[in-house]
Peer 1: 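My questions will all concern the structure given below.
Position 1 is the first residue of the sequence; numbering continues from there.
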Amino acid sequence: MNTHASVVVIGGGVMGTSIAYHLARAGVRDVVLVERDELASGSTSKAAGGVRAQFSDELNVQLGARSLEAFARFEEETGHDIGLHRVGYLFLLSTPEEVAGFEAGVRLQNSLGVPSRMIDPAEARRLSPLITTDGLLAAAFSPDDGHCTPESVVQGYASAARAYGARILRHNDVTGIELHGDRITAVTTTIGRIGTDTVICAAGPWSRAIGAMVGVDLPVVPLRRQIAVTEPVAGLPPRLPMTIDFATSLYFHTEGPGLLLGMSDPDERPGFATDTHDRWIPRLAEAMERRAPALLDLRRTGGWAGLYEVTPDHNALIGEATSVSRFLYATGFSGHGFLQGPAVGEVVRDLYLGRVPFVDVSPLSVGRFAADAPRPEANRV
């Protein structure tokens, strides 16, 4: 293969396919997406599938809300059913500090059109009857949030991108990026060279290595996260929200007739390992006993591990490099990439075309770390 592209997108997860779709739909010719494995085989296929706009950072609220709109019309636009369940997100709060933080977040979200609200423990239990309210002070709930199927979103974007003329090259590893001075001239891959002057990095946990090819430091660290799936659960309410105990990060939502559940593991160390282990189970059981003891009686029937792409402030990297011409990036979402994929695809399209995006993402550029201006996101799991 020796071909040319107007732009090469690296990464075939939700971010890469969304970007390719939005570029091709906007009329950009010769869009090529390169994926080292199968589409959605990285972090996207391992995501819990939650979609929300309940964030503490104004930019994340806007990106989440815009993406929720796109998920709602996804089937109409692409013909792909993504299994969208807008059952809401329910954050359970156990300390005065958590309550104060979420009260401020709800005020911000409401000012941006997000219908979140604070509720009392009794209403929280009516929404999510598997929990106990012992020690619960309040909760935050937004009915527009929910969950859907990550692989279906990727396949929908990929199919639509192809229909608009984009090319998708699977099982094709990027081995280098050629430069002439500070200009990109080509991307080299395991199956050949692609001449181009523009690269968009959407490689998730592998983004740091891609950035290094052009001398751009993308401070993204891979971190394993695990998910468990349970046996069928009798009597689950049809609109059980994505429920998160904020103090422990224990979360669960329906997955077919059972539940999908997970939580963070503070003992996990950075790395690319994605094998599963049971070292996190005692801490998971402790969190269940504290907040949702009914879960302790459920048998695990499956599960998997995937990678978060974590930045120092747990917020995304979106922008264009200043040290090399036409190297754009959308990575480091620290667990929020799937749910922000539609909106970020729009933003990167506009950055490439020189348009003004619907939201100013310049505070999320990688330069914020050199300028000692981190932008932390508090509402993370």
Side-chain angles (χ1 to χ4, degrees), residues 48 50-65 87-112 114-147 223 225 227 240-253 259-268 280 283-295 308 310-316 333-336 339-340 374-381:
V51 293
R52 62 176 165 116
Q54 282 188 87
F55 287 97
S56 65
D57 183 303
E58 180 175 352
L59 288 179
N60 287 333
V61 176
Q62 292 171 301
L63 292 170
V87 292
Y89 253 65
L90 178 67
F91 284 93
L92 307 174
L93 311 173
S94 306
T95 69
E97 293 77 16
E98 290 174 1
V99 173
F102 273 82
E103 285 175 340
V106 165
R107 288 193 295 271
L108 170 66
Q109 294 150 21
N110 291 169
S111 75
L112 296 169
V114 174
S116 55
R117 66 181 190 273
M118 299 297 294
I119 62 175
D120 62 26
E123 185 176 355
R125 193 169 193 279
R126 285 195 295 271
L127 290 168
S128 189
L130 294 173
I131 69 168
T132 177
T133 58
D134 294 347
L136 195 64
L137 298 182
F141 178 68
S142 182
D144 281 2
D145 299 341
H147 54 90
L223 188 68
R225 294 292 297 268
I227 282 174
L240 179 74
M242 170 73 120
T243 303
I244 301 170
D245 181 42
F246 194 66
T248 62
S249 81
L250 169 68
Y251 66 84
F252 58 88
H253 69 65
L259 293 174
L260 177 153
L261 55 90
M263 66 179 287
S264 63
D265 180 358
D267 295 331
E268 195 67 66
W280 70 307
R283 186 175 278 110
L284 177 68
E286 182 180 342
M288 290 177 179
E289 185 173 16
R290 175 181 182 273
R291 184 51 62 211
L295 301 181
Y308 267 25
V310 183
T311 64
D313 59 5
H314 298 272
N315 217 338
F333 289 89
S334 303
H336 309 137
L339 68 92
Q340 294 184 348
R375 193 177 177 98
E377 170 55 55
N379 294 7
R380 51 190 172 85
V381 180

Peer 1: Measuring from Leu108:CG to Glu103:CD, what's the distance to the nearest 0.5 Å?
Peer 2: 14.0 Å
Peer 1: Mind checking the CG-CG spacing from Leu93 to Asp245? Nearest 0.5 Å is all I need.
Peer 2: 9.0 Å
Peer 1: Name all residues meeting the ring-ring contact (aromatic ring centres under 6.0 Å, His included) criterion together with Tyr251; count only those two or more places apart in sequence or in a different chain, and write none if there are none.
Peer 2: none
Peer 1: Using ring-ring contact (aromatic ring centres under 6.0 Å, His included) as the criterion, list what pairs up with His147, not counting sequence neighbours.
Peer 2: His85, His253
Peer 1: Between His314, Arg375, His336, which is the residue that forms a side-chain hydrogen bond (donor to acceptor under 3.5 Å, both in side chains) with Asp57?
Peer 2: Arg375
Peer 1: On a heavy-atom basis, which atom in Arg225 and which in Val381 lie closest, and how many Å separate them?
Peer 2: NH1-O, 3.1 Å
Peer 1: Apply side chain to side chain donor-acceptor pair (under 3.5 Å) to Ser56 and list each qualifying residue two or more places apart in sequence or on a separate chain.
Peer 2: Glu377
Peer 1: Are Phe55 and Leu339 side-chain neighbours, meaning at least one heavy-atom pair lies under 4.5 Å?
Peer 2: yes
Peer 1: Show me, pair by pair, the donor-acceptor contacts under 3.5 angstrom made by side chains of residues 122-131, not counting sequence neighbours?
Peer 2:
| from | atom 1 | to | atom 2 | distance (Å) |
| --- | --- | --- | --- | --- |
| Glu123 | OE2 | Arg117 | NH2 | 2.8 |
| Arg125 | NE | Ile131 | O | 2.9 |
| Ser128 | OG | Thr243 | OG1 | 2.9 |

Peer 1: For Phe102, enumerate each residue passing the ring-ring contact (aromatic ring centres under 6.0 Å, His included) test, keeping only those at least two apart in sequence or located in another chain.
Peer 2: Phe91, Phe246
Peer 1: Glu98: which residues meet the salt bridge (Lys or Arg N to Asp or Glu O under 4.0 Å) condition with it, sequence neighbours left out?
Peer 2: none
Peer 1: Can a donor-acceptor pair be found, under 3.5 Å and without considering hydrogens, that links the side chain of Gln340 to the backbone of Phe333?
Peer 2: no
Peer 1: Taking Ser249 for the side chain and Ser264 for the main chain, is one N or O donor matched with an acceptor at less than 3.5 Å?
Peer 2: yes
Peer 1: Only one of Asn110, Asp144, Val61, Asp145 forms a side-chain contact (heavy atoms from CB on, under 4.5 Å) with Ser116, so which one is it?
Peer 2: Asn110
Peer 1: Drop me the distance from Thr132's OG1 to Glu289's CD, to the nearest 0.5 angstrom.
Peer 2: 11.0 Å
